[in-house]
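In what follows, a single structure is set out as structure tokens and then discussed.
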Amino acid sequence: MANKSQETTDVIVIGGGITGTSTAYQLARRGYQVTLLEKSHLGAGSTGRTGGIIRQHYSNEITARMALRSLHVWRDFDEQVGGDCGWVHTGALFIVGPNDTDGLKANIALQQRVGIRVELLDGQAVRDIAPYFNVDDIGAAAYEPDAGYADGALAATAYANRARDFGAVIRQGVAARAITAQSGRVTGVQTDDGVISAPVVVNAAGPWGTQLARTAGYETPAEPSRHQIAVFQHPPGLEASPHPMVGDFIQGFYLRAETGRLTLAGSLEASEAENKADPDHYNENVDMAFNVAMSEFTERRMPPMRDARVGRGWAGLYCVTPDWHPIIGAMPGLEGFICAYGFSGSGFKMGPVVGEMVADLATGERQCPIDPYPFRFERFAEGTLVTGQYSYSIIG
Ligand SMILES: Cc1cc2nc3c(=O)[nH]c(=O)nc-3n(C[C@H](O)[C@H](O)[C@H](O)COP(=O)(O)OP(=O)(O)OC[C@H]3O[C@@H](n4cnc5c(N)ncnc54)[C@H](O)[C@@H]3O)c2cc1C
């Protein structure tokens, strides 16, 4: 049996969510030795509690391109990665009031420029797609026919399985305690099961990323906050399954269908970042007041839902940065240390492309056409935050 204290690999990836497993898969298929450490089980963090929405409606070019590149993987996951990610095709509608119509048009133009299939609709055209929607207050809508959703735990497991097929070692129940370094470069990771040596370490620990980076001397502005999802069961007679996902920027919330005649609802308000949470101790259930608010919003947008039954929702963690965009980059001053967290409520859909981008950073090879440079940690000190051309809320 190998002596644990002697274990050496090319890259250690910390975190078994979508970011870590996709990165491990990309590295392993390129021929690198990878060890992934997950302190609990695959999908135990935000990924296992995600809303799973996969849309391309973004308001800056780089995130729109990332979402589109990832979509190609999600909708053809078995062919491109292998296994089941739980993909369900629904389409998506992004609805704004009259004051935001110009901004919506600008975003649609941006998205079309990068190759996203999206079109501008008026209220009547929305009803042609979803006759059970109330459109009285709509200025305009963007319709994205290719959107859908997938399952976080299934996707992380599939990526990890494929990484294993290419030789990666996936160690669940093993926590990274500290990043080890010498003379300005990473030497490995101190785990609760011995030391592992590697010249490159990827911190993909999601809401725990900031506390892990601290062990290497970095204070990153990415903080966990609690995000809730309400679940409603459709009343008998409502033929709305699976209805399109809705980003309702008039009421500041979103809806998506779920199998079993269910609809999920969550908030789109930036104030979500104020619900600061300790990632090891937070309330994983939904507040009564939240269920009431989401039920009112849902009924206003989908009136037949007035007779819906409230199901059992859940809460998970966003990891939010000051500009609501992730930190993806090699950390300055410590060669071989790469961070990839702070996805601020958008990280699931980006998983496939982020794995490629992080593998590029880890290896120095450039296989992904999208350069992660805008997401470097240094942007916060430089004041070069990532901002959208036009933003209705926290959509990125
Ligand atoms: C309720 C909710 C709804 C969401 N809805 C959407 C959505 O619709 N669409 C979308 O794109 N995104 C959505 N998101 C965001 C998305 O789920 C996250 O951005 C994404 O899952 C983050 O994945 P990750 O792999 O970076 O982090 P995580 O999934 O949190 O993975 C980090 C992992 O690291 C492990 N870990 C932590 N510390 C250590 C350590 N020291 N040693 C070893 N392992 C460690 C944890 O156990 C965890 O499994 C939602 C999030 C929530 C909470």
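Just so it is clear, the model here is predicted, and its values are computed rather than measured. First listed ligand is number 1; within each ligand, the first listed atom is number 1.
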Shortest protein contact, [atom] (heavy atom only):
| atom | answer |
| --- | --- |
| atom 34 (O) of ligand 1 | G15 CA, 3.2 Å |
| atom 6 (C) of ligand 1 | T50 OG1, 3.2 Å |
| atom 41 (N) of ligand 1 | A176 O, 2.9 Å |
| atom 49 (O) of ligand 1 | E38 OE1, 2.6 Å |
| atom 51 (C) of ligand 1 | Y318 CE1, 3.5 Å |
| atom 30 (O) of ligand 1 | S46 N, 2.9 Å |
| atom 23 (O) of ligand 1 | T47 OG1, 3.1 Å |
| atom 44 (N) of ligand 1 | K39 N, 3.0 Å |

Could you say whether the N/O atoms of [X] and ligand 1 ever approach to under 3.5 Å?
| X | result |
| --- | --- |
| H41 | no |
| F348 | yes |
| K349 | yes |
| M350 | no |
| H227 | no |
| G52 | yes |
| I18 | yes |
| G347 | yes |
| R49 | no |
| Y254 | no |

Give the numbers and elements of all ligand 1 atoms closer than 4.0 Å to a heavy atom of [X].
| X | value |
| --- | --- |
| V174 | 43 (C) |
| A175 | 42 (N), 43 (C) |
| G345 | 6 (C), 10 (C), 12 (N), 13 (C), 14 (N), 15 (C) |
| G316 | 53 (C) |
| I229 | 1 (C), 3 (C) |
| A205 | 32 (C), 34 (O), 37 (C), 38 (N) |

Do NZ/NE/NH1/NH2 and the carboxylate oxygens of [X] and [Y] come within less than 4.0 Å?
| X | Y | result |
| --- | --- | --- |
| R226 | D287 | yes |
| R171 | D193 | yes |
| R65 | D371 | no |
| D323 | R379 | yes |

- Does R164 reach the main-chain N or O of G167 with its side chain, forming a donor-acceptor pair under 3.5 Å?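 It does not hold such a pair.
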
- Any donor-acceptor pair under 3.5 Å linking the side chain of E38 with the backbone of I170?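 Absent.
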
- Where does C319 meet ligand 1, judged by heavy-atom distances below 4.0 Å: at the side chain, the backbone, both, or neither?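 Under 4.0 Å from ligand 1, C319 contributes no heavy atoms.
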
- Message: If we set the cut-off at 4.0 Å for heavy atoms, which region of L317 has an atom near ligand 1: side chain, backbone, both, or neither?
- Response: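 Under 4.0 Å from ligand 1, L317 contributes backbone atoms alone.
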
- Item | Spacing of CD belonging to Q233 relative to CG belonging to L238, to within rounding of 0.5 Å |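 The CD atom of Q233 sits 11.0 Å away from the CG atom of L238.
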
- Item | Value rounded to 0.5 Å, distance of OG in S267 from NE2 in H227 |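 Answer for the OG-NE2 pair, S267 versus H227, is 6.5 Å.
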
- Message: On a heavy-atom basis, I'd like to know which of T23, V189, V13, T19 is closest to atom 24 (P) of ligand 1.
- Response: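 Result: the heavy atom closest to atom 24 (P) of ligand 1 is in T19.
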
- Item | Nearest-option assignment for atom 4 (C) of ligand 1, heavy atoms, candidates S344, G51, G209 |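 Among S344, G51, G209, the closest heavy atom to atom 4 (C) of ligand 1 comes from G51.
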
- Task: Determine, using heavy atoms of Y341 and all atoms of ligand 1, whether some pair is separated by less than 4.0 Å.
- Result: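 Judged by the 4.0 Å heavy-atom criterion, Y341 does not count as contacting ligand 1.
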
- Is the shortest distance from a heavy atom of G16 to ligand 1 less than 4.0 Å?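 True for this residue.
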
- Check against side-chain hydrogen bond (donor to acceptor under 3.5 Å, both in side chains), W208 and D280: CA-CA 9 Å; W208 294 265; D280 295 309; 3.0 Å; yes

- Query: Are there more than 12 heavy atoms of other residues, nucleotides or ligands under 6.0 Å from atom CZ of R366?
  - Reply: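 Enclosed: over 12 neighbouring heavy atoms sit under 6.0 Å from CZ of R366.
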
- Any residue meeting side-chain hydrogen bond (donor to acceptor under 3.5 Å, both in side chains) with S40, in chain and number order, not counting sequence neighbours: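 S40 satisfies side-chain hydrogen bond (donor to acceptor under 3.5 Å, both in side chains) with no other residue.
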
- Query: Among T321, N203, T210, which one satisfies side chain to side chain donor-acceptor pair (under 3.5 Å) with T220?
  - Reply: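 In the set T321, N203, T210, the residue that makes a side chain to side chain donor-acceptor pair (under 3.5 Å) with T220 is T210.
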
- Query: Would the Y159 and F77 ring centres measure less than 6.0 Å apart?
  - Reply: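 Yes, the ring centres sit under 6.0 Å apart.
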
Do [X] and [Y] have side-chain N/O donor and acceptor atoms under 3.5 Å apart?
| X | Y | result |
| --- | --- | --- |
| Q124 | D128 | yes |
| T384 | E382 | yes |
| Q182 | R185 | no |

- Is the Lys NZ or Arg CZ of R376 less than 6.0 Å from the centre of Y373's six-membered ring, within 45° of the axis?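 Yes; both conditions hold, so R376 lies above the ring face of Y373.
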
